[in-house]
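Notes to accompany the following structure.
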Amino acid sequence: MEIIDWVGFLMPYEQAVNELKLKFSNLASDFKKQAQHSPIEHVDGRVKRVASILEKAHRKNIDYAHIAEKIEDIAGIRIICKFVEDIDKVVEMLHIRDGIDLTITQERDYITNTKPSGYRSYHILITYPLITTSGPFRVAAEIQIRTMSMDFWATIEHSIKYKYSGNLPDDLQTRLKNAAEASFQLDKEMGYIRGEIVEAQRVVQQRNDLVDQILRKVEKLHFMVKFDKANELNRQFMEIYEEGNLEKLQGFNQQLSLMAKLYNVQHS
């Protein structure tokens, strides 16, 4: 058997995972900065452990010399969504990037075509271009897109399958499948009230952004006005904040902006 330099072999996969995680995390941040609902809740990634690669190669009768060609999920990215409806949006976003900074090679819809075990997820196989010290290199990677509920179930099922080496007792398989169905029903219920949830999150985000803006302006004015006036501004802010009225917070924020402008004019 050929001896593989696993550290060198896995290095491009680790680079690809780090870059892809950053790309998708930045996308999620962009949505939130624009006060829009992000279809991406969070992003995770991993490079398969050597033991897992060897086990898969043995199970699928893959010669070690062809591991890089035949095993397409050595690099794995997991995109977690709040709602089932968000999965379609993430898939659409990936299609837009196809041919630009990644290439889609295959798609597997295990949400519409649920696995017999109850497993649900949307898988997209890609190749990702890297520039390494050895030159250009294309890395195969798998992107899994699923809801938080699906991810919880999949994580538990993976652990149990590992414990039983894939040979789960019949009663345990039945319980897991029932749990998968219950999990999917939860996703469906959350989908029905999705509008309410998204709006509530938007209001909370807007309120948090306003508070950040106000505190920065109060801090700036603290160095521009008399100490007692700065204390009065802090007192007013706390009263409005505790009242929880978003319109009053917006009005107070505008008032602070006017104060800063007036003070600058008077002292210019």
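Quick note: numbers below take in every heavy atom, side chains included, and nothing from hydrogens, waters or symmetry partners.
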Could you tell me whether the side chain of [Y] reaches within less than 4.5 Å of the side chain of [X], counting heavy atoms only?
X    : Y    : answer
I214 : I240 : no
C81  : I40  : no
Q173 : D170 : yes
R138 : Y128 : no
F137 : V139 : yes
F184 : S149 : no
I111 : M150 : yes
S117 : W153 : yes

Please give me the minimum heavy-atom distance between [X] and [Y], naming the atom from each residue.
X    : Y    : value
D98  : I104 : OD1-N, 2.9 Å
A141 : L20  : CB-CD1, 4.4 Å
H37  : V198 : CB-CG1, 3.6 Å
V84  : T147 : N-CG2, 3.6 Å
G118 : A180 : O-CB, 3.4 Å

Do [X] and [Y] sit within salt-bridge range, that is, some charged N less than 4.0 Å from a carboxylate O?
X    : Y    : value
E55  : R59  : yes
D187 : R120 : no
E239 : R235 : yes
K82  : D86  : no

For atom [atom1] of [X], is the number of surrounding heavy atoms from other residues, nucleotides or ligands below 6.0 Å larger than 12?
X    : atom1 : value
E69  : CD    : yes
K48  : NZ    : yes
Y119 : OH    : yes
Q106 : CD    : yes
E247 : CD    : no
E219 : CD    : no
N61  : CG    : no
Y110 : OH    : yes

Test of understanding: clusters of I, L, V, M, F, W, Y form through side-chain heavy atoms closer than 4.5 Å, transitively. Do M238 and V218 belong to the same one?
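Yes, because M238 and V218 connect within a single hydrophobic cluster, where side-chain heavy atoms sit under 4.5 Å apart.
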Reported [atom1]-to-[atom2] distance for the pair [X] and [Y], which is rounded to 0.5 angstrom:
X    : Y    : atom1 : atom2 : result
L176 : E157 : CG    : CD    : 6.0 Å
M11  : L130 : CE    : CG    : 12.0 Å
I80  : I145 : CD1   : CD1   : 10.0 Å
M190 : I193 : CE    : CD1   : 4.0 Å
S183 : N178 : OG    : CG    : 12.5 Å
I126 : E72  : CD1   : CD    : 11.5 Å

Given 3.5 Å as the limit, does a donor-acceptor pair link the side chain of [X] with the main chain of [Y], or not?
X    : Y    : value
R46  : I74  : yes
S38  : K32  : no
N253 : L249 : no
T112 : D109 : no
W6   : R49  : no
T155 : D151 : yes
S25  : K21  : yes

Looking just at side-chain N and O atoms, do [X] and [Y] make a donor-acceptor pair shorter than 3.5 Å?
X    : Y    : result
E107 : H95  : yes
Q144 : E142 : yes
E232 : Q236 : yes
N18  : E14  : no

Any chance you could lay out the side chain to side chain donor-acceptor pair (under 3.5 Å) test for E181 and Q185, step after step, and finish with the verdict?
CA-CA 6 Å; E181 291 307 313; Q185 287 302 315; 5.3 Å; no
Does NZ or CZ of R108 come closer than 6.0 Å to the centre of the six-membered ring of Y122, within 45° of the ring's axis?
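Cation-pi check for R108 and Y122: fails.
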Determine, stepwise, if the pair V43 / I77 fulfils side-chain contact (heavy atoms from CB on, under 4.5 Å).
CA-CA 7 Å; V43 184; I77 297 294; 4.0 Å; yes
Yes or no on side chain to side chain donor-acceptor pair (under 3.5 Å) for D209 and Q205, after CA distance, side-chain angles and deciding distance?
CA-CA 6 Å; D209 289 345; Q205 184 63 43; 3.1 Å; yes
Would D73 and K56 count as a salt bridge (charged side-chain N to carboxylate O under 4.0 Å, His left out) if you check the C-alpha gap in whole Å, the side-chain angles of each, and the deciding distance to 0.1 Å?
CA-CA 10 Å; D73 64 342; K56 189 165 188 175; 3.1 Å; yes
